[in-house]
Amino acid sequence: MSAQDTRRARLTDPAAFVLFDGAIGTMLYAKGIFINQCYDELNLRSPDLVRDIHRAYRQSGAEVLETNTFGANRVKLAGYGLEQQADEINRVAAQIAREAAGDDLLVAGAIGPLGVRLEPYGPTSLEGARGLFIAQMQALKAGGVDCFILETFGDLHEIEQAIRAAREVDPAMPVIAQMAVGEDGRTPYGAAPEQVARALDGYGADIIGLNCSVGPQGILNAIEKMAAVTTRKLSAQPNAGMPRDVGGRTMYMASPEYMASYARHLLQAGARVLGGCCGTTPEHIRAIAHGVRALVPRQVTRLAPRAAAEAGGSPPGETHPRDASSGSVPQVDLRRPGVEPVPFAARSKWAAKLASGQMVASVEIVPPRGVDAEKMLRDVAVLKAAGVDAVNIPDGPRAQSRMAAVLTSLLVEQRAGIETVTHYCCRDRNLLGMLSDLLGAAAVGLRNILVITGDPPKMGPYPDATAVFDIDSIGLTNLVHQLNRGLDPSGNTIGKPTQFAIGVGVNPTAPDADYELKRFEYKAEAGAEYAITQPVFDLAQLETFLSSTRHVRLPIVAGVWPLTSVRNAEFLANEVPGVVIPDQVIARMRHANERSKEHAIAEGVAIAREMVIALRGTVQGVQVSAPFGRVDLALQVVEAM
């Protein structure tokens, strides 16, 4: 057996205690490398600095040194313009750590999350994610790492792809898979420690555990729960407490002695791989080494074979079901079955008409800029009296700051007694905020939702505002679909399911028609039940789009905008994303504008009415915008139905 094989065997030996190093980023920060720099690039730019940190951890008693590559995947490096150097950064990082480790220490190739959302909550496919992990791991292997350590993952689906990637690169390479949990003991997607253990066990990682996000106490609480449902070797790498801002610098306050005391507790709880994450230094690792070496690892109570199998783990002594020849890992479906959604037609009047094949008519009214909603409510009352099916409430269109769409919809439904179609965008809220909003909207009785990505803040009057975009409209569609089945994003039950009629936006005049079609197909797969288009001014383009999307089989509601002037037409054509106005329409508006303002308004209404008439039998409804709040113009267009 080679020296490398011996080192690897000890790492994966269930009874053997192994000590990893601590944080590299913390040490670099302490040496004056500020966080606006790419720490991974330092492998090329300042290799001696990185090598000295590795040597300090070696001297402190660490038995495994991690490479300085936590963010060295091509996606994250692209933020610094370094994606073309990804292979070199990883390979050199492994060589630096290998040099410091010598022949007696192990080198772990550190791999973090990609920093992008994966399907079904984002645009990155599972295969694409796996390919990115494979590229990083191949470079790390070429540099001489002994194992892969997957750190600080929040999404179980993403870490599954990383584990699969590791098996493709080298089926014999040990894999340590670690998730991050919050103060509540759950991952960012809401998975409990027991779920994490069962999932990582099922994915086939050799060692499973937790790191980062919280201090020793939080990690200990979660490790105790994981130990009860798995026979895998457990790892724990907590932060040195929670971060604090001290004089403009981020500091971690847990002392080496405190970390050492909790290391003993973690050892007794079942963890056999220990180390440190953010805030830990060689002093912390030295204290842990001294604190646990004298302990005789006590026998941790494990589940009996039958109980372990029922809990989702492998019975002691059994080989995990992974094909050693191919390195493939079995699919593990963590989603609970949920409940059957309420039938689409039963969710709202709007949904009932769409389900029955009837034409629907809605009018879009922009929420007020301030707190006075009386004029809007008077306009809505007019629309209700005219027999309009619903009022569309946009969510911060063109990145304007207006009354929230959910609350505006609630006002309209409660005060005016007409259904709303609530636009909800991904721009302004993180995943937790969106989940909270949607649960609240369902609780107060809102039923119709239109999921959109949202215009970027730079379009609006507050260009310095930040955009969140935790997920895009495809991911949000999937989230709402899961809520309709009574499940949160992690597959946990929420009790009574929501009853949203799920709509999505679509642009028949998108410059890249193939890309728009593909996204529309993804939205349908994610759970969309109807679609509303961007304003349509070119019937031929709409017909081409409808022809290409017949296989999707979703009701299409066409957006119609009555123009009010040639300036209005030119603004929409040149400054509003997704709107295409043919030259002949602009020419008609220019000719009418030359006669008078009134003629221009009348011409805009005439063009919109012509579009509505032409759409009969082609789409299943129209959404008419009320330009500048002119509901009278919108109603003139609706009358053409």
Side-chain angles (χ1 to χ4, degrees), residues 12 14 111-114 117-122 126-127 129-130 133 148-168 174-182 184-214 218-219 221-237 270-271 273 302-303 307-315 318-323 327-338 431 478-479 482 487-493:
T12 56
I111 297 134
L114 297 174
R117 294 287 179 186
L118 273 59
E119 60 175 320
Y121 297 110
L126 299 180
E127 293 79 6
R130 189 161 64 251
F133 287 127
F148 295 131
I149 181 165
L150 315 176
E151 299 183 295
T152 324
F153 279 74
D155 183 354
L156 285 168
H157 296 295
E158 183 177 13
I159 202 169
E160 178 187 10
Q161 298 310 309
I163 294 170
R164 289 176 175 275
R167 296 310 184 198
E168 289 188 36
V175 177
I176 304 102
Q178 297 181 151
M179 300 289 289
V181 296
D184 61 354
R186 292 178 175 268
T187 70
Y189 281 82
E194 297 88 344
Q195 288 177 277
V196 169
R198 291 176 182 127
L200 298 181
D201 197 327
Y203 297 156
D206 298 286
I207 300 169
I208 66 176
L210 305 170
N211 77 292
C212 203
S213 295
V214 293
I219 294 289
N221 293 337
I223 285 291
E224 289 174 337
K225 296 175 181 177
M226 293 176 69
V229 297
T230 182
T231 58
R232 293 285 181 185
K233 191 170 185 176
L234 291 173
S235 64
Q237 295 184 318
V273 174
R302 296 291 187 183
L303 297 177
E310 292 174 350
S314 301
E318 285 193 9
T319 302
H320 194 274
R322 177 167 60 83
D323 185 342
S328 64
V329 183
Q331 289 283 355
V332 177
D333 190 356
L334 297 175
R335 297 174 298 176
R336 297 178 184 173
L431 183 64
N478 185 277
L479 187 153
Q482 289 294 89
L487 302 173
D488 73 3
S490 289
N492 300 308
T493 180

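This is a predicted model, so every value here is computed, not measured. Position 1 is the first residue of the sequence; numbering continues from there.
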S.K.: Which atoms form the tightest heavy-atom contact between Pro174 and Asp206, and what is the distance?
M.R.: CA-OD2, 3.3 Å
S.K.: What distance separates Ile176 CD1 from Ile149 CD1, expressed to the nearest 0.5 Å?
M.R.: 5.0 Å
S.K.: Is a donor from one side chain sitting under 3.5 angstrom from an acceptor on the other, for Asp201 and Thr230?
M.R.: yes
S.K.: On a heavy-atom basis, which atom in Cys212 and which in Ile219 lie closest, and how many Å separate them?
M.R.: O-CD1, 4.1 Å
S.K.: State, yes or no, whether a side-chain contact exists between Leu210 and Leu234 at a heavy-atom distance under 4.5 Å.
M.R.: no
S.K.: Kindly indicate whether the side chain of Lys233, heavy atoms from C-beta on, has any atom under 4.5 Å from the side chain of Thr12.
M.R.: no
S.K.: Please round to the nearest 0.5 Å and tell me the distance separating atom CG of Leu156 and atom CD1 of Ile163.
M.R.: 9.0 Å
S.K.: Return the set of residues passing side-chain hydrogen bond (donor to acceptor under 3.5 Å, both in side chains) with Asp488 (not counting sequence neighbours), or none when no residue passes.
M.R.: Asn492
S.K.: Any side-chain heavy atom of Gln161 within less than 4.5 Å of one from His157?
M.R.: no
S.K.: How long is the straight-line distance from CD of Glu119 back to CG of Asn478, given to the nearest 0.5 Å?
M.R.: 9.5 Å
S.K.: Can you sort out the partners of Ser235 under side-chain hydrogen bond (donor to acceptor under 3.5 Å, both in side chains), two or more places apart, ordered by chain and number?
M.R.: Gln178
S.K.: State, to 0.1 Å, how close Ala271 and Ala236 come at their nearest heavy-atom pair, and which atoms those are.
M.R.: CB-CB, 4.3 Å
S.K.: Does the side chain of Phe153 reach to within under 4.5 Å of the side chain of Thr187, using non-hydrogen atoms?
M.R.: no
S.K.: Pick one: which of Leu150, Val196, Thr152 meets side-chain contact (heavy atoms from CB on, under 4.5 Å) with Ile159?
M.R.: Leu150
S.K.: Taking the side chain as every heavy atom from C-beta outward, state whether Gln195 and Lys225 have any atom pair closer than 4.5 Å.
M.R.: no
S.K.: Is there a donor-acceptor contact under 3.5 Å from the side chain of Arg130 to the main chain of Glu168?
M.R.: no
S.K.: Taking side chain to side chain contact (heavy atoms under 4.5 Å, CB included) as the test, write out the residues that go with Asp184, two or more places apart.
M.R.: Arg186
S.K.: Run the salt bridge (charged side-chain N to carboxylate O under 4.0 Å, His left out) check on Arg164 and Glu160 step by step: do they pass?
M.R.: CA-CA 6 Å; Arg164 289 176 175 275; Glu160 178 187 10; 3.3 Å; yes
S.K.: Look up atom CE in Met226 and atom CG in Leu200, then write down how far apart they are to the nearest 0.5 Å.
M.R.: 6.0 Å
S.K.: Holding to side chain to side chain contact (heavy atoms under 4.5 Å, CB included), I want the full list of residues that pass it with Ala166, two or more places apart in sequence or in another chain.
M.R.: Met137, Phe148, Val175
S.K.: Kindly indicate whether the side chain of Phe133, heavy atoms from C-beta on, has any atom under 4.5 Å from the side chain of Glu158.
M.R.: yes
S.K.: Going by the rule side chain to side chain contact (heavy atoms under 4.5 Å, CB included), which residues pair with Pro489 if we only count those two or more places apart in sequence or in a different chain?
M.R.: Tyr121, Tyr189, Leu435, Leu479
S.K.: Does Tyr203 reach the side chain of Ile208, with side-chain heavy atoms less than 4.5 Å apart?
M.R.: no
